[in-house]
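Okay, so here's the structure we're looking at.
Note that the structure is a prediction, hence the values are computed from the model and not measured. Order of the sequence lines fixes the chain letters, A, B, ..., with proteins taken first and strands second; residue numbering starts at 1 for each chain.
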Amino acid sequence: MLDLKEYGIDMWPKEKVQAFRKALLDWYDANKRDLPWRRTRDPYAIWVSEIMLQQTRVDTVIPYYERFLHHLPTIADLAKAPEEVILKLWEGLGYYSRVRNMQQAAQQMVDDFAGQFPTTHAEISSLKGIGPYTAGAISSIAFNLPEPAVDGNVMRVLSRLFEVDYDIGLPTNRKIFQAMMEILIDPDRPGDFNQALMDLGSDIESPVNPRPQDSPVKDFSAAYLNGTMDKYPIKAPKKKPVPVAYQGFIIRNKDNQFLLEKNNEAGLLSGFWSFPLLEKGAVVDKQVSLFEVAEEVVQLDIRQSFTEYYDMAVDWQKQEFDTVQHIFSHRKWQIELVEGVAETTKLLGTKELKWVSVEDFPIYPFAKPQQKMWEAYVKKMEQ
DNA sequence: AACGCGGGGCC
DNA sequence: GGCCCAGCGTT
């Protein structure tokens, strides 16, 4: 057991811990949000909600949650769903490995747990895509087990309550908050206790514009009482996304179908379909833009590359399109579009390429950058 | 321990 | 434009 004193944290005496639990849970009982996953005890549904809520806001999740459970109401349904179906259900949520891992976990449950959701913390933790936070959340919420669920909200709230001088962004420091929670958590209502801390952290104790004076536990908060709220939580700044320049190819054939390519199984947006993209040799950011002459050379060069790579002769159109920009957490894509008319409708068998008519687009999973590419194309064509 | 992995809301 | 977020798996 980790000694909190070594980290400069004076844990409260038992009476104060009990008073804190009561203050927090009384507030939760009076103020908790009415969310769809709080109306069920089905561990499968609670699991779906917890995975969707990873790095994703409540308001964004709600419609996805309803639709997902409507189409895949049971573990068995998820285990046997085709890839395109699960990607379409997750389309727009991001971090798509979440849903792939969920399907693997569903298959684990079919194989190892007779198709039932496992009921112990160790078994739940053994499922693909379920890490320490999610294991604690499901254990406590669905099975009433006294397991902490330490997420960003909880670390922010606790770091203010106890003036924790350790960076909440460093994985190694998670154990400090885990140890604190093992003492604080209400053994009778662990799920409500965890959710109360998260509700508190996402609203009143939010990262920006917090309202600490409205907190039901402000009298317990060392940072509030000492006037050090601005200092906590300690968190190192993040790195900026790296700019990457692409040429995007909107290629049409004489049957008015468009060329789509399926992304590789590994890497960013795997399994999604895209208009062909080739990375430009040089980085073109706003600040380090190439000279105009060089830009022309790059254009000619990359169209030649397309012809070779896709083994397809193309009649390039003069039309110019808006540049598409999309920012991921770690990459900043800038996509210049060009339109071409292919002189053939045949395709090599080696790549995952298809000619697709516009009315069939809804069948294919498209991530946000590809949606933006199509919007830019349509916008110009309608002018 | 660091990195890869989306997307949207808010200021 | 920059900040934030109900994290996990891989290396």
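Mapping Lys368(A) and Asp59(A) onto DNA chain B via the closest heavy atom, the residue that lands nearer the 5' end is Lys368(A).
A distance of about 22 Å separates the C1' atoms of dT10(C) and dG7(B), rounded to the whole Å. Comparing dG6(B) with dC4(C), their C1' atoms are spaced 14 Å from each other, to the whole Å. Separation of the P atoms belonging to dG8(B) and dC8(C) is 22 Å when rounded to the nearest angstrom.
Here the rule is side chain to side chain contact (heavy atoms under 4.5 Å, CB included) with Asp151(A), and of Met198(A), Glu50(A), Gln55(A), Arg174(A) only Met198(A) fits it.
Contact annotation for Pro241(A): no contact, since no heavy-atom pair falls under 4.0 Å across all strands. Nucleic acid contact class of Ala367(A) (heavy atoms, under 4.0 Å, all strands): sugar-phosphate only.
Note: Phe258(A) and Phe275(A) have perpendicular aromatic rings, judged against thresholds of 30 and 60 degrees for the angle between ring planes.
Against DNA chain C, the stretch residues 80-94 of chain A makes no heavy-atom approach under 4.0 Å.
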Tell me which donor-acceptor pairs under 3.5 Å the side chains of residues 111-120 of chain A have, and how far apart each pair is, sequence neighbours excluded?
{"from": "Thr120(A)", "atom 1": "OG1", "to": "Glu123(A)", "atom 2": "N", "distance (Å)": "3.2"}
{"from": "Thr120(A)", "atom 1": "OG1", "to": "Glu123(A)", "atom 2": "OE1", "distance (Å)": "3.1"}

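At distances below 3.5 Å, at least one donor-acceptor pair connects side-chain atoms of Asp167(A) with backbone N or O atoms of Gly169(A).
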Expected string for nucleotides 4-11 of chain C under the B/S/- scheme (protein heavy atoms, under 4.0 Å, primed atoms plus P, OP1, OP2 as sugar-phosphate) is BBBBSSS-
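Reading DNA chain B from its 5' end, the first and the last nucleotide to sit under 4.0 Å from a heavy atom of chain A are dA1(B) to dC11(B).
Taking the six-membered ring wherever Trp is involved, the centroid distance between the rings of Phe361(A) and Trp273(A) does not fall below 6.0 Å. Between Tyr64(A) and Phe68(A), the distance from one ring center to the other does not fall under 6.0 angstrom.
Identified under the salt bridge (Lys or Arg N to Asp or Glu O under 4.0 Å) test for residues 94-109 of chain A, with sequence neighbours left out: Glu83(A)-Arg100(A), Arg100(A)-Glu265(A). Within the structure, side chain to side chain donor-acceptor pair (under 3.5 Å) pairs that include any residue of residues 185-199 of chain A comprise Asp29(A)-Arg189(A), Arg38(A)-Gln195(A), Arg38(A)-Asp199(A), Ser140(A)-Asn194(A), Arg189(A)-Asp192(A) (at least two apart or interchain).
Put simply, the side chain of Leu277(A) does not reach to within 4.5 Å of the side chain of Gln247(A), judged on heavy atoms. Contact annotation: the side chain of Trp316(A) approaches that of Ile251(A) to within less than 4.5 Å [non-hydrogen atoms, C-beta and beyond].
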*Assess whether ring pair (Phe, Tyr, Trp, His ring centres under 6.0 Å) is satisfied between Tyr95(A) and Phe328(A), documenting all intermediate values.*
CA-CA 10 Å; Tyr95(A) 288 135; Phe328(A) 302 97; 9.9 Å; no
